[in-house]
Protein chains: 2
Amino acid sequence: MTDGQLGAADGLAQLSFLVYGALERRAARHDLSIVATRLLGTLRDRTPSMNELAQLLVLDKSSITGLIDRAERRGLVERVPSTTDRRAMQVALTEKGRSLVSEVATDFEADVSAILDALPKSGRQALSRLVSRVLVANAADRGIDLFP
Amino acid sequence: MTDGQLGAADGLAQLSFLVYGALERRAARHDLSIVATRLLGTLRDRTPSMNELAQLLVLDKSSITGLIDRAERRGLVERVPSTTDRRAMQVALTEKGRSLVSEVATDFEADVSAILDALPKSGRQALSRLVSRVLVANAADRGIDLFP
DNA sequence: TATTGTTATACTCTATAACTATA
DNA sequence: TATAGTTATAGAGTATAACAATA
């Protein structure tokens, strides 16, 4: 049993459920859905239009309207009219939103530490390095800059 | 930028979104939600009660009722009365369910291969090994046997 | 009494289609 | 004409609370 080894697909799927579930639970304690949390996380280093958000979060633009409505009502984000296109809106994190996402991030980091606890330091470093490589390559494939 | 390195938490979160999203899209093509897909995946090597499913999928038992209703209506699973507890039901995969989950798994494996394409073979092996170790440890923590 | 599962219900989130206003 | 965003609407999936049957 301790020697059992999952295939890459099963392993990554289960790891995703584990990580995704941890983030979901942390977010829920702050009354955030996982999509709302991703929104706030995305806005930490971007001020995208509604349309760009739809692409980044892989949601329909009508879903983005509701998502931003709810977040704006809570004072977490704000719509700023674009200066170059009077049809367009840009979405920005408020100070309240920034501090909330930072709280969630801190909590979530503790979860990830616990999840990776079984690995020695060298293993955790190796994993982070491999994961980063995968992400950079895949972000490039989708035309998204991981470090805007 | 190509040298950028994400922290473990950000990296694992983004990797989870990537993997989770891939599975979600594959599942959707077969009219399966990600939870329904997890259900079928779980049933590949188990015949749990409704209650056990609620624990495995981290859902309320009333949600499990609906989930199994929908899957049973499509002929993917079946409820089998427990032989030892007349209150309890056990949920089993049908042949149709087994072949569907196997299709989704095959498709998803192709996605994972593409996602890991940026890594050399040694990197993919190292990643699988690290992930397996993490999962086995975490499953043990939750009292769940990864290889029942 | 406690537990297993179901039901009734309300809520959140999502996409589709039709719309307004700009480009 | 095409695009950015909103609205109206319907559907899927979730949890809470109350319930029946059995332990």
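These numbers were taken from a predicted model, which means no experiment stands behind them. Each chain gets a letter, A, B and so on, in the order its sequence line appears, and its residues count up from 1.
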Review point. What's the shortest heavy-atom distance between A:Leu116 and B:Ala8, and which atoms?
Key: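 Result for this residue pair: CD1-CB, 4.2 Å.
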If I take atom [atom1] in residue [X] and atom [atom2] in nucleotide [N], what distance separates them, rounded to the nearest angstrom?
X	N	atom1	atom2	answer
A:Gln90	D:dG5	CD	C1'	14 Å
A:Met89	D:dT6	CE	P	6 Å
B:Leu39	D:dT14	CG	C1'	15 Å
B:Asp31	D:dA12	CG	P	10 Å
A:Glu24	C:dC13	CD	C1'	12 Å
B:Leu53	C:dG5	CG	C1'	12 Å
B:Ile68	C:dT4	CD1	C1'	14 Å
B:Arg38	D:dG13	CZ	P	15 Å

If you check every side-chain atom of [X], which of [options] has the closest atom?
X	options	value
B:Met50	C:dG5, D:dG5, D:dA2	C:dG5
B:Asp69	C:dT7, C:dG5, D:dT7	C:dT7
A:Asp85	D:dA23, C:dT22, C:dT14	C:dT22
A:Asp60	C:dG5, C:dT16, C:dT22	C:dT16
A:Leu59	C:dA15, C:dT7, D:dT22	C:dA15

Review point. Does A:Arg86 get its side chain close enough to the base of C:dT22, under 3.5 Å, for a donor-acceptor pair?
Key: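 Side chain to base: no pair below 3.5 Å.
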Exercise for review: Would you state whether a donor and an acceptor, one from the side chain of B:Ser62 and one from the base of D:dT16, lie under 3.5 Å apart?
Suggested key: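 Answer is yes: a donor-acceptor pair is held.
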**Study point:** Residue whose closest nucleotide on DNA chain C lies nearer the 5' end, B:Glu52 versus A:Ser33
**Key:**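 Between the two, 5'-proximity favours B:Glu52.
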Review point. Hey, which of these two, B:Ile64 or A:Lys61, hits DNA chain C nearer its 5' end, going by closest nucleotide?
Key: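 Between the two, 5'-proximity favours B:Ile64.
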Exercise for review: Pick base, sugar-phosphate or nothing for B:Ser49, based on heavy-atom distances below 4.0 Å to the nucleic acid.
Suggested key: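 Answer is sugar-phosphate: B:Ser49 comes under 4.0 Å of backbone atoms only.
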Point to revise | Sidechain-backbone polar pair: A:Arg29 side chain, A:Arg26 backbone, donor-acceptor under 3.5 Å | key: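 No, because the side chain of A:Arg29 does not come within donor-acceptor range (under 3.5 Å) of the backbone of A:Arg26.
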Below 4.0 angstrom from OP1 or OP2 of [N], is there any side-chain N or O of [X]?
X	N	result
A:Arg70	C:dT12	no
A:Arg79	D:dA4	no
A:Asn51	D:dG5	yes
A:Ser63	C:dT14	no

Practice item. Start with the C-alpha gap between B:Ser49 and B:Asn51, add the side-chain angles, then the distance that decides, and say whether side-chain hydrogen bond (donor to acceptor under 3.5 Å, both in side chains) holds. Key: CA-CA 5 Å; B:Ser49 70; B:Asn51 236 330; 5.7 Å; no
Point to revise | Carboxylate-amine/guanidinium proximity below 4.0 Å for B:Arg74 and B:Asp69 | key: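 Not counted as a salt bridge, because no side-chain N and carboxylate O are separated by less than 4.0 Å.
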Review point. Is B:Asp31 salt-bridged to B:Arg70, going by a charged N under 4.0 Å from an acidic O?
Key: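 Salt bridge absent between B:Asp31 and B:Arg70.
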Check your understanding: Of the options A:Leu32, A:Thr37, A:Thr94, which is the one that meets A:Leu100 in a side-chain contact (heavy atoms from CB on, under 4.5 Å)?
Key ->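 Going through the options one by one, the only one that passes is A:Leu32.
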